[in-house]
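Here is the structure we will look at.
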Amino acid sequence: WIEKLVVDPRSELRGPVVLDDSQAFCEARWQMIGELRLPWRPVVNVKGRTRYTLDTSKGGRIVRYDENWELKASEALMQLVTPTTKASV
């Protein structure tokens, strides 16, 4: 379904996944990139981190999910309203 909203969506893992058994969490750094199918064709390019907290008493199931982006909400909003230029693609 994402292809209906985004042209050439990409999601990349940025570096190794960190697993900390002593604190029961797993952390991944990533980057999402894509051009939205809107008339002005904005490009979204977001880097971030996701931390999954595991419950060892439940076989290591994920019990919490925290996501942080490396840009401010206002910067993400600006990406949505900024038209694509040849240099940004």
To the nearest 0.5 Å, what is the distance between [atom1] ([X]) and [atom2] ([Y])?
X   : Y   : atom1 : atom2 : result
N68 : K47 : CG    : NZ    : 15.5 Å
D66 : F25 : CG    : CZ    : 11.0 Å
E27 : T53 : CD    : OG1   : 10.0 Å
E12 : M32 : CD    : CE    : 11.5 Å
I33 : S11 : CD1   : OG    : 9.0 Å
L54 : L19 : CG    : CG    : 7.0 Å

Linking I/L/V/M/F/W/Y whenever their side-chain heavy atoms sit closer than 4.5 Å, directly or via other members, would V63 and Y52 fall into one cluster?
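Different clusters.
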Assigning hydrophobic clusters by single linkage (Ile, Leu, Val, Met, Phe, Trp, Tyr; side-chain heavy-atom cutoff under 4.5 Å), is V7 placed with W40?
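No, because V7 and W40 fall into different hydrophobic clusters, even though each may have its own neighbours under 4.5 Å.
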Can a side-chain donor-acceptor contact be found between Q31 and N45 if the only test is distance below 3.5 angstrom?
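Side-chain D/A pair, N45 to Q31: present.
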Using side-chain hydrogen bond (donor to acceptor under 3.5 Å, both in side chains) as the criterion, list what pairs up with [X], not counting sequence neighbours.
X   : value
E67 : Y65, W69
S74 : none
D21 : none

What verdict does the side chain to side chain contact (heavy atoms under 4.5 Å, CB included) test give for V46 and W30, after you've listed the backbone C-alpha separation in whole Å, the side-chain angles of each residue and the deciding distance to 0.1 Å?
CA-CA 8 Å; V46 179; W30 46 264; 4.1 Å; yes
Could you tell me which non-hydrogen atom of A76 sits nearest to which non-hydrogen atom of L71, and how far apart they are?
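Between these two residues, the closest heavy atoms are N-CD1, 3.5 Å.
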Of all heavy-atom pairs between V81 and P83, which one has the smallest distance, and what is that distance?
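What the structure gives for the nearest pair is O-CD, 3.5 Å.
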